[in-house]
Amino acid sequence: MREGELFGSWTERSQIFRNRELLRPSYLPERLPHREEQIGRLARILSFPLRGETPSNVFIYGKTGTGKTATVRYVLGELEKMGRKLNRGIKGIYLNCERVNTRYRVLATLTNSLLNGTSSVPTTGWPIDVLYETFLRVLDSEERVLIIVMDEVDRMVVKKGDEVLYDLTRVNSELERAKVSVIGISNDARFTHYLDPRVRSSLGEEELVFPPYDALQLRDILEERASGAFQPGALEGGVLSLCAAHAAREHGDARRALDLLRVAGELSEQEGAMRVTLEHVRRAYEKLEEDKMVEIVRTLPSQSKLLLFSLLLLVERGAEKVTTGEVYEAYRRVSLQKGLDPLTPRRVSDLLSELEMLGVVSTRILNSGRYGRTKEISLNLPTRQLRKMLEGDGMLLPHTVSLLRQAKLGGWEWTGEAW
DNA sequence: AATCCACAGGAAGCCCGGGAAC
DNA sequence: GTTCCCGGGCTTCCTGTGGATT
């Protein structure tokens, strides 16, 4: 191979993309179409520190991909810029409560962020009250307004980290020079019901709702990004509309629309096509769906995998739709065969509901009068695909393969009273 | 009209691992 | 290190349900 040949063809300028980074979820655009109203309101609320006053706490909710995080980051960035210009100490700290989800971690992260690397508190070990005192002292060491953004704040409650919300919404009374305001972001509107009433009223001083985008708005967003992301003329007519339409059906998720467009672009690039076609979008949609499923199945607990495997065997044997009792019996057999204690029907019923929520199976209640009332269960993905996923599983592999072999050879009685 | 099937799904409590508190 | 506590997975026990059958 001649020098440079291996990477040579990949360094040429893409026919399709100009800058694909613009399509990534982490990219923060300069303009956020159809969020002018939310940006305006948030800016008004957060403008108080520019006059030396404390802004209200804000609670924001909206489904995934409705621009919550982008809007907040954008407004906060502008605010900090303005603060520097006017020489006001304004600092925004962004926390993702998916990871930073306990009282300790929140306080430690905030403190470290304020210390700016000069020194730090350890990630574990300190008594919580000492940590809290340290946080107060560091925070109050200078005149400033601290705006704490807590993204996915609903995760805190699950982890019982909501005490820290109480700390933070009440902290102002203990501060001399600094002021704190909290922006909570959640995609679950009911989440506030679980909060301590005092926290709820304090956090909800101002509420901002981000409605889902409709198809036309999604199209605008895509257009905005696509002009920079793609080479001129690289998109076939209707591509953007199709991406938008797909995403609009799934509760107006802009992230989804952008993913779709990016993957469609990547597919067309891979096959050396001149432009992105509607067919590429269709395949991108399938790819994303499949990737999602693979990930879901892969991360399933082993009992659920076993259950799913039992269902798979039944479906492969020609049963289109299966009742709860049948799946349970199959599952019980497979478990025993593997030398495992089967779970009770009650538990399996819950596992089935979980599988349904994840979209792996569909169920519907079936009434057969005298012959009882049960759920009719069907698989939501092709058997071949599912089998591939399950066979790739380390835990199941040695046993399942032999089970499959037995099943194929007819070594099992899969029908009738032999069960 | 009463019965009864084959479950659905709620309530309570057990067990266990892991992390916080002492 | 020990103790305590909590949450998740699970079981046990239970009540509820719609319509074919009696």
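Below, chain A is the first sequence line, B the second, and so on; all start at residue 1.
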Handout entry: Test ring-ring contact (aromatic ring centres under 6.0 Å, His included) applied to Phe230(A) and Phe17(A), step by step
Key = CA-CA 4 Å; Phe230(A) 288 96; Phe17(A) 288 110; 5.1 Å; yes
Problem - Lys375(A) side chain near dG9(B) phosphate (N/O to OP1/OP2, under 4.0 Å) - result: yes
Problem - From dA20(C), dC13(C), dA8(B), nucleotide with atom closest to Thr324(A) side chain - result: dA8(B)
Practice task
Taking Ser335(A) for its side chain and Tyr331(A) for its backbone only, find out whether a donor-acceptor pair lies under 3.5 Å.
Solution key: yes
Problem - Between dG9(C) (P) and Glu354(A) (CD): distance, integer Å - result: 7 Å
Exercise for the section: Answer yes when Arg282(A) and Glu279(A) have at least one side-chain N-carboxylate O distance shorter than 4.0 Å, and no when they do not. Expected result: yes
Exercise for the section: Mind calculating the distance between CG (Leu307(A)) and C1' (dG9(C)) to the nearest angstrom? Expected result: 15 Å
Exercise for the section: Examine dA8(B): is either OP1 or OP2 under 4.0 Å from a nitrogen or oxygen in the side chain of Ser353(A)? Give yes or no. Expected result: no
Exercise for the section: Using only side-chain N and O atoms of Thr374(A), determine if any of them is under 4.0 Å from OP1 or OP2 of dA6(B). Expected result: no
Fill in the blank from the handout: Taking for Arg346(A) and for Gly325(A) the nucleotide of DNA chain B with the nearest heavy atom, the one nearer the 5' end belongs to Gly325(A)
Handout entry: salt_bridge(Lys287(A), Asp291(A)) N-O dist < 4.0 Å
Key = yes
Exercise for the section: Specify the separation, in whole Å, of atom CD1 of Ile365(A) and atom P of dT17(C). Expected result: 12 Å
Problem - Distance-only donor-acceptor test, Arg373(A) side-chain atoms vs dT17(C) base atoms, 3.5 Å - result: yes
Problem - Length of the CD-P vector between Glu376(A) and dA6(B), whole Å - result: 16 Å
Exercise for the section: Could you tell me whether the side chain of Arg370(A) has a donor or acceptor atom within less than 3.5 Å of a complementary atom in the base of dG18(C)? Expected result: no
Problem - Between dG8(C) (C1') and Gln303(A) (CD): distance, integer Å - result: 14 Å
Practice task
Output the distance between atom CG (Leu22(A)) and atom CG (Leu28(A)), rounded to the nearest 0.5 Å.
Solution key: 11.5 Å
Practice task
Could you check how far CZ of Arg364(A) sits from C1' of dC7(B), rounded to whole Å?
Solution key: 15 Å
Fill in the blank from the handout: Among dC5(B), dT12(C), dG9(C), the one nearest any side-chain atom of Arg347(A) is dG9(C)
Problem - Atom pair distance, as rounded to whole Å: CD1 in Ile377(A) and C1' in dA6(B) - result: 13 Å
Practice task
Using whole Å, report how far CG of Leu343(A) lies from P of dG8(C).
Solution key: 18 Å
